[in-house]
K.L.:
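Mind looking over this structure? Questions follow.
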Amino acid sequence: MAKIRTRTFFRKGVWEENPVFRQILGICSALAVTNLMTNTLIMGLGLIFVTAMSSATVSALRKITPERTRMMVQVLIIASYVMMVDIFLKAYLPDISEALGPYVGLIITNCIIMGRCEGFARNNPVWPAFLDGVASGVGYALVLLVIATVRELLGFGTLFGMHVMPSGWVPWTIMIMAPAGFFMLALFIWVAYELEYKKTQPSHGDK
Amino acid sequence: MENPLSAPLIFFASIFTNNILLANFLGMCSFLAISREIPSAVGLGLAVTFVMTCTTALNYLVYHYLLVPFQLVHFRFIAFIVVIAAFVQLVEMVIDRYSPRLYVVLGVFLPLITVNCAILGVCLFMVIRQYNFVQSVAYGFGGGLGWLLAIVALAGIREKLKKAPIPKALEGPGISLIVAGLMALSFMAFSGMISMG
């Protein structure tokens with residue numbers, strides 16, 4: 001039973017309710033950090049950690065959190081975990097911490113986390129909330145990695161900093177700059193919606 | 001170590017070349033959600049500009065006179081977000097009192113300014129780039145205006161897009177992102193004007 005439930009969480013987080021291309025949440029960082037795969041991977045892991053832990057914490061405190069100060073409590077919980085990630089990165093991966101710049105701190109305002117806390121963790125026990133957080137984080141990280149693969153491959157001719165394209169390849173610089181981030185995400189959303197249309201032809205909301 | 005750029009330069013750079021939305025991708029959620037009509041876009045843009053300018057000033061003071069002397073720099077995330085949240089609450093009350101219609105239009109996105117990454121982003125950039133007080137306020141104000149400019153432009157384009165034949169699956173967020181991408185491209189034309197780190 002527990003196993004099946006875990007799987008549903010992941011199916012939801014990664015595809016059916018994927019935070020990035022279904023709910024269009026947390027796309028700021030999705031656009032900003034996806035020009036290098038290493039940064040993207042670290043960012044994804046950081047986000048999985050923060051989403052999972054803050055969902056679990058919000059859920060653990062759900063009975064003693066006053067309704068009115070709920071948002072504030074959630075933001076503080078999230079901010080504390082982000083602080084841990086930030087300190088960890090500064091200590092062990094200073095280069096990447098430098099490269100990510102403010103975007104680590106901006107995990108706080110990543111709507112995915114707030115969305116999961118508000119939409120799920122607030123009304124559910126700790127373990128499911130934790131799983132739900134992990135699943136959403138994984139969904140986010142996967143989409144980012146796909147986008148980053150394309151952008152880094154075409155923009156630098158590298159993957160994780162290693163050269164993979166033939167030496168004659170001229171880097172397509174626009175791919176690592178801002179506009180390509182928008183275009184890539186738009187394409188991704190387009191494809192994802194198109195696939196969904198094929199499955200459910202007539203019934204479609206305006207979401 | 002102070003940043004050598006002058007305040008007016010930072011102000012213009014943050015509107016055009018380093019637009020917080022189109023170059024740094026901050027504040028996307030509300031950018032996509034509120035940009036259907038020009039009036040609400042203007043309303044939200046002004047609210048964001050106001051909050052951004054005031055919170056950069058407040059957060060500058062908090063950071064340099066509270067966090068740095070007591071060596072609490074790592075707590076800046078928490079401190080910044082609390083200042084922003086308190087300020088947004090204030091703006092919410094003011095708008096509710098003086099412009100109830102705008103209050104209804106903005107709906108849930110008004111309190112969500114708290115988690116608008118553009119605002120926290122500006123505060124964090126201010127610290128990373130080591131701006132002084134005047135530079136920070138110029139950056140906050142310019143950043144807000146840049147955001148306002150981008151969201152109003154997108155709202156204008158989207159009003160026209162309503163009549164355009166767009167593939168069904170591309171409607172909504174998809175096409176908005178493509179438009180935003182084109183806007184980012186055109187804003188890149190400004191980049192020869194000012195260079196900023």
Side-chain angles (χ1 to χ4, degrees), chain A residues 21-34 71-72 74-76 78-84 86-87 90 98 101-111 113-115 174 177-198 204 206-207, chain B residues 19-33 74-82 84-86 89 111-129 167-188 191:
Chain A
F21 59 81
R22 280 292 145 72
Q23 307 177 39
I24 324 290
L25 291 180
I27 53 179
C28 311
S29 50
L31 294 163
V33 299
T34 49
M71 293 290 241
M72 207 63 231
Q74 287 173 3
V75 169
L76 285 179
I78 296 169
S80 341
Y81 285 114
V82 171
M83 215 168 77
M84 289 180 208
D86 183 54
I87 295 174
K90 277 216 176 90
E98 188 87 351
Y103 291 100
V104 178
L106 288 171
I107 294 180
I108 298 175
T109 50
N110 192 313
C111 353
I113 305 178
M114 204 64 171
I174 194 78
M177 297 171 87
F182 287 109
F183 293 142
M184 279 302 303
L185 187 60
L187 273 180
F188 207 104
I189 292 172
W190 188 2
V191 172
Y193 275 47
E194 201 68 66
L195 291 175
E196 194 63 12
Y197 268 117
K198 292 234 167 75
H204 182 263
D206 51 354
K207 238 185 183 174
Chain B
N19 189 294
I20 194 85
L21 212 155
L22 298 172
N24 294 324
F25 309 110
L26 296 177
M28 293 292 307
C29 305
S30 34
F31 174 67
L32 292 178
H74 279 302
F75 286 87
R76 65 180 184 279
F77 299 143
I78 294 183
F80 286 180
I81 204 80
V82 169
I84 294 170
Q89 194 96 62
L112 279 184
I113 293 183
T114 313
V115 283
N116 186 320
C117 32
I119 296 185
L120 186 62
V122 164
C123 295
L124 293 173
F125 270 123
M126 159 189 96
V127 170
I128 289 177
R129 294 182 184 158
K168 203 109 189 70
L170 196 57
E171 274 175 7
I175 193 71
S176 307
L177 278 169
I178 289 183
V179 169
L182 291 172
M183 279 164 61
L185 264 181
S186 54
F187 267 62
M188 275 171 70
S191 61

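In this text, all values refer to a predicted model and were calculated from it rather than measured experimentally. First the proteins, then the strands, lettered A, B, ... as listed; each starts at 1.
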K.L.:
Is A:Tyr103 in contact with chain B via its backbone, its side chain, both, or neither, using a 4.5 Å heavy-atom distance?
P.N.:
side chain
K.L.:
Could you look at B:Phe187 and say if it's the side chain, the backbone, both or neither that has a heavy atom under 4.5 Å from chain A?
P.N.:
neither
K.L.:
Does the side chain of B:Val82 come within less than 4.5 Å of A:Leu76's, by heavy atoms?
P.N.:
yes
K.L.:
What part of B:Leu182 gets closer than 4.5 Å to chain A, counting heavy atoms only: side chain, backbone, both or neither?
P.N.:
both
K.L.:
Identify which of A:Ile87, A:Ile78, A:Val82, A:Leu187 forms the greatest number of heavy-atom pairs closer than 4.5 Å to chain B.
P.N.:
A:Ile87
K.L.:
Only counting residues at least two apart or in another chain, list the ones meeting side chain to side chain donor-acceptor pair (under 3.5 Å) with A:Tyr81.
P.N.:
A:Thr57
K.L.:
Within the supplied structure, the quantity of interest is the number of heavy atoms (other residues, nucleotides, ligands) at a distance under 6.0 Å from A:Met72 CE; does it exceed 12?
P.N.:
yes
K.L.:
Hey, could you give me the CG/CD1 distance between B:Leu124 and A:Ile108, rounded to the nearest 0.5 Å?
P.N.:
7.5 Å
K.L.:
SG of B:Cys123 to CG of A:Leu106: how many Å apart, nearest 0.5 Å?
P.N.:
10.0 Å
K.L.:
Which pair of heavy atoms, one from B:Ile78 and one from A:Ala79, lies closest together, and at what distance?
P.N.:
CG1-CB, 3.6 Å
K.L.:
Is the CD atom of B:Gln89 crowded by more than 12 outside heavy atoms at less than 6.0 Å?
P.N.:
no
K.L.:
Taking side chain as everything from C-beta outward and backbone as N, CA, C, O, which of these in B:Met188 sits under 4.5 Å from a heavy atom of chain A? Side chain, backbone, both or neither.
P.N.:
side chain
K.L.:
Please classify the contact of B:Ala85 with chain A as side chain, backbone, both or neither, using a heavy-atom distance under 4.5 Å.
P.N.:
side chain
K.L.:
Nearest heavy-atom pair of B:Gly181 and A:Phe182: which atoms, and what distance?
P.N.:
CA-CB, 3.4 Å
K.L.:
For A:Ala186 versus B:Gly174, what's the shortest heavy-atom pair and its separation?
P.N.:
CB-O, 3.5 Å
K.L.:
Quick one: what part of B:Leu185 sits under 4.5 Å from any heavy atom of chain A, side chain, backbone, both or neither?
P.N.:
both
K.L.:
How long is the span from the CD1 atom in B:Ile178 to the CG atom in A:Leu185, to the nearest 0.5 Å?
P.N.:
10.0 Å
K.L.:
Identify which part of B:Val179 has an atom lying under 4.5 Å from any heavy atom of chain A, answering side chain, backbone, both or neither.
P.N.:
neither
K.L.:
Give me the atom names and distance for the closest heavy-atom approach of A:Met83 to B:Phe75.
P.N.:
CE-CE2, 3.7 Å
K.L.:
With only heavy atoms counted, which part of A:Met184 is less than 4.5 Å from chain B, the side chain, the backbone, both or neither?
P.N.:
neither
K.L.:
What residue in A:Gly105, A:Ala192, A:Ala180 has the most heavy-atom pairs under 4.5 Å with chain B?
P.N.:
A:Gly105
